[in-house]
Amino acid sequence: MGRGRFKKPIGSTSLNLTAMMDGFTIILVFLITLFSADGQLLTNAENLVLPNSESKMKPQEVNLQLVVTNDMILLDNVAIVPTDDVRNIPQEEADPIITKLEERLKACLAMEEEMVRMGALNAVQGRIIVQVDKNIDFDVVFKIMNTCGKVGYNNMNFAVMEREG
């Protein structure tokens, strides 16, 4: 009973674990890139009914999200100012600015400028996606748009629900 007792039969092979791990890694990377390309880019806020549209444009990427509900205005899911405070800004005011929103937007723009200095971004993009409940008065939307524009977020996109048909 020598050492030859545990010889493999001719024609049999064992699993090559390294090659198998390489294959699984390639599949994993492929699935991650597929998910990130087709994943949901914009999350709908709770208690928000978006207006319908026939537009087929999809947002390229989400930089900054502004959500306007009947109760509150949120910037990246952080409550900024009650919507009633915005409604109370007089309509006669020539240049209506929402002060608390302006301060937060300036801080976000400063972070974007810092990312440009560090080389993480090529240029300040000034992009913002606005989700507005379809029952909000245009007066409130105008004051929000004016505030965003004054700070430097001039590239505004509005989120809508795609209408069927």
Neighbour count >12 (heavy atoms, 6.0 Å) for atom CD, E93: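 It does: E93 CD has more than 12 such atoms within range.
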
Distance from [X] atom [atom1] to [Y] atom [atom2], nearest 0.5 Å?
X: R127; Y: M156; atom1: CZ; atom2: CE; result: 14.0 Å
X: T83; Y: I144; atom1: OG1; atom2: CD1; result: 7.0 Å
X: K143; Y: I89; atom1: NZ; atom2: CD1; result: 5.5 Å

Side chains of [X] and [Y]: closer than 4.5 Å at any heavy-atom pair?
X: L105; Y: C148; result: yes
X: L109; Y: V151; result: yes
X: L101; Y: T147; result: yes
X: T99; Y: V81; result: no
X: Q65; Y: L74; result: no

field: Donor-acceptor contact below 3.5 Å, side chain Y153 vs main chain K106
entry: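 Between the backbone of K106 and the side chain of Y153 there is no qualifying donor-acceptor contact (under 3.5 Å).
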
May I ask whether [X] and [Y] are part of the same hydrophobic cluster, defined by side-chain heavy atoms of I, L, V, M, F, W, Y residues being less than 4.5 angstrom apart, directly or through others?
X: V130; Y: I97; value: no
X: F142; Y: I98; value: yes
X: F138; Y: V86; value: yes

message: For a side-chain contact (heavy atoms from CB on, under 4.5 Å) check, start with the C-alpha distance between T18 and D22, then their side-chain angles and the critical distance, and finish with the verdict.
response: CA-CA 6 Å; T18 305; D22 288 345; 4.3 Å; yes

Can you give me the closest heavy-atom contact between [X] and [Y], atom names plus distance?
X: P96; Y: N146; answer: O-ND2, 2.6 Å
X: I128; Y: L75; answer: CD1-CD1, 4.3 Å
X: P82; Y: M72; answer: N-SD, 3.5 Å

The single option from L64, V67, L66 passing side-chain contact (heavy atoms from CB on, under 4.5 Å) against D76: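 Among the candidates, only L64 passes.
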
field: Q125 side chain to E112 side chain, donor-acceptor N/O pair below 3.5 angstrom
entry: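 Checked: Q125/E112 side chains show no N/O donor-acceptor pair below 3.5 Å.
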
field: Donor on one side chain, acceptor on other, N70 and N135, under 3.5 Å
entry: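 Judged by distance alone, the side chains do not pair up.
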
